[in-house]
J.: 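First the structure, which I've put down as structure tokens, then a few questions once you've had a look.
Counting starts at 1 for both ligands and their atoms, following the listed order.
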Amino acid sequence: MVSTYRSRRVGPLNGAISPPGDKSVSHRALILGGLAEGTTTITGLLEADDVLRTASCVRGFGAAVERQGEGSWTVTGASWSSPAQALYCGNSGTGARLLMGAAAGQGVSVTFDGDQSLRGRPMERILAPLREMGIESDAREGKLPVRLVGGRPRGIEYRLPKPSAQIKSAVLLAGLGAEGETVIEEPVPCRDHTERMLPQFGGRLTIEPLGGGGRRLRLPGAQRLTAGGIVPVPGDPSSAAFPLAAAAIVDGSVVTLRGVMTNPHRTGFFEALSAMGADLSTVPVGGEEGEAIADLTLRYAPLTAIHITADKAPGLIDEYPILCVVAAFAAGTSRFDGLGELRVKESDRLAATAALLRANGVDVRTGEDWIEIDGGRPGGGGAVATHHDHRIAMSALVMGMATAAPVTIDDADMIATSFPGFIDLMNGLGAAIEPMATEGG
Ligand code: S3P
């Protein structure tokens, strides 16, 4: 069954909402909880497909993972054992890559698999450092299904080949069970949720500055983690981006997002909106010890184009599709560089975003790792192919709220991988997103 949806132009959006829990933090809380001795309580967990897959994989290694109530979960860690069957990570690259690192650290043998999109995504970036650590694997062309062969990893010195928190976290998680110290050099810093969460589980890690803004992480081997007490998951800035973007392009809107994580490696989209002229205010509301949290209010104001250089890309890597939609409404030509990683996300997001904009009357130019967008007043009316990518689907629906003609998407189901309830939440703010005829069901 295919669920096609249409989003049409609306008047001002108004209201205050809380975005769902952060996806990156949710995966990490489940994995670290599964490795730790004792019971950890997670509150505000993102109950979306990607994270639920990680929960069942953690269970597959022998930990007890139980839902206690809405967003409230307990994880009782165990000494990990090799699962008899392949573990299925669904659509989740983060789940698969972090779990590979954690499994390697625990010396278990395991096969990971995923859906069609995940089977097309590169895993060699994880298997290469794991091989250096002495962990053998079997994968066809570096893609899922991947079989890891259990063994004791050894600590390595590893320089991240790209600013990827998934690679960094996989090596850290493997290093927890390694013989000897693991040292990671991160020339361009990227999201640091694993580093921030580890101490709560009794994990030891030191962080030193590296010239040019980078960092060196030192993780002692053979660590036994202890339960993390209560781990609250803050609101996901990558999900908050969609209602904020909607308010930024629908004239007269005022929208507040409550309890959003403002980790400095995740705020690039908010900074971009402000640089474009959006009236965005941030009120810190806590979380000083782990992840910072704030309430964000966006009041519509006319936008102008911006240029974002490659060095800034890691800070908003997941937000480029929706930022490109916002840029389509900003006066002038916007340019975003350093987007090579978008080619290997849930879809080829650079191509999918360019097609989304073109289908709705926007002039766009792209190269291998950049995009240029001529902003103005897009007419809309496009039928957008989502390529089963949640962020492409949500970006297109947001666009339709401000275009003259409605925007249609071919499938809204994948939105549930990261933002369950997105459509109801947006309609509650004043959007008009409606299902169309369904096919094949
Ligand atoms: C994530 C890291 C990023 C991001 C992904 C989540 C994480 O991927 O795009 O959605 O939780 O570590 P990369 O590590 O591939 O940059």
J.: Quick test of your reading of the model: are R266 and D236 salt-bridged, counting only N-O distances below 4.0 Å?
T.: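 D236 and R266: salt-bridged.
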J.: Kindly give the heavy-atom pair with the smallest separation between G175 and L219, and that separation in Å.
T.: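 Heavy-atom minimum between the residues: C-CD2, 3.4 Å.
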J.: Identify the closest protein heavy atom to atom 1 (C) of ligand 1: which residue and atom is it, and at what distance?
T.: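 The answer is Q166 NE2, 3.6 Å.
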J.: I'd like to check which ligand 1 atoms, numbered from 1 as shown, lie under 4.0 Å from a non-hydrogen atom of I317.
T.: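 This gives 9 (O) as the contact atoms.
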J.: Which ligand 1 atoms, with their elements, are less than 4.0 angstrom from a heavy-atom of K345?
T.: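 Counting from 1, the qualifying ligand atoms are 3 (C), 4 (C), 8 (O), 9 (O), 13 (P), 15 (O), 16 (O).
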J.: Give a yes/no verdict on whether any heavy atom in K168 is under 4.0 Å from an atom of ligand 1.
T.: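 Contact check K168 vs ligand 1: negative.
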J.: Report yes if the distance between the aromatic ring centroids of F242 and F419 is under 6.0 Å, otherwise no.
T.: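 That pair fails the under 6.0 Å test.
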J.: Run the side-chain contact (heavy atoms from CB on, under 4.5 Å) check on E372 and S334 step by step: do they pass?
T.: CA-CA 6 Å; E372 269 177 11; S334 289; over 6 Å; no
J.: Going by the atom numbers of ligand 1, which of them fall below 4.0 Å from some non-hydrogen atom of D318?
T.: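 In order of number, 4 (C), 5 (C), 9 (O), 10 (O).
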J.: Could you tell me the residue and atom name of the protein heavy atom closest to atom 6 (C) of ligand 1, and the distance to it rounded to 0.1 Å?
T.: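 Checked against all protein heavy atoms, atom 6 (C) of ligand 1 sits closest to T94 OG1, 3.3 Å.
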J.: Using a 4.0 Å heavy-atom cut-off, which part of R191 comes near ligand 1: side chain, backbone, both, or neither?
T.: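 For R191, only side-chain atoms sit under 4.0 Å from ligand 1.
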J.: Does anything in residues 42-68 pair up under ring-ring contact (aromatic ring centres under 6.0 Å, His included), and if so which pairs, sequence neighbours excluded?
T.: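 Applying ring-ring contact (aromatic ring centres under 6.0 Å, His included) to every pair that reaches into residues 42-68, excluding sequence neighbours, yields F61-W80.
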J.: Can an N or O of S164 be found at a distance shorter than 3.5 Å from an N or O of ligand 1?
T.: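 Indeed, backbone or side chain, S164 has an N or O that close.
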J.: Check this for me: does any side-chain nitrogen of one of E181 and R218 sit under 4.0 Å from a carboxylate oxygen of the other?
T.: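 Yes, this pair counts.
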J.: If you measure from the Lys or Arg side-chain nitrogens to the Asp or Glu carboxylate oxygens, is any gap between E346 and R391 under 4.0 Å?
T.: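 Not counted as a salt bridge, because no side-chain N and carboxylate O are separated by less than 4.0 Å.
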J.: Using a heavy-atom cut-off of under 4.0 Å, does the side chain or the backbone of R28 touch ligand 1, or both, or neither?
T.: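 R28 to ligand 1: side-chain contact only, backbone stays beyond 4.0 Å.
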J.: Using a 3.5 Å cut-off and no angle test, enumerate the donor-acceptor pairs between side-chain atoms of residues 30-51 and protein atoms at least two apart in sequence or in another chain.
T.:
residue : atom : partner : partner atom : Å
T39     : OG1  : T76     : OG1          : 2.8
T40     : OG1  : G228    : N            : 2.9
E47     : OE1  : R67     : NH2          : 3.0
E47     : OE2  : R67     : NE           : 2.9
E47     : OE2  : R67     : NH2          : 3.4
E47     : OE2  : G71     : N            : 3.0
E47     : OE2  : W73     : NE1          : 2.7
D50     : OD2  : K23     : NZ           : 3.4

J.: Which of the numbered atoms in ligand 1 are below 4.0 angstrom from a heavy atom of A165?
T.: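 Matching atoms, with element in brackets: 12 (O), 14 (O).
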J.: Decide whether an N or O pair under 3.5 Å exists between S169 and ligand 1.
T.: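 No, there is no polar N/O contact under 3.5 Å.
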J.: Counting non-hydrogen protein atoms only, what is the nearest one to atom 11 (O) of ligand 1? Give residue, atom name and distance.
T.: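 Ranking protein heavy atoms by distance from atom 11 (O) of ligand 1, first comes S24 OG, 2.7 Å.
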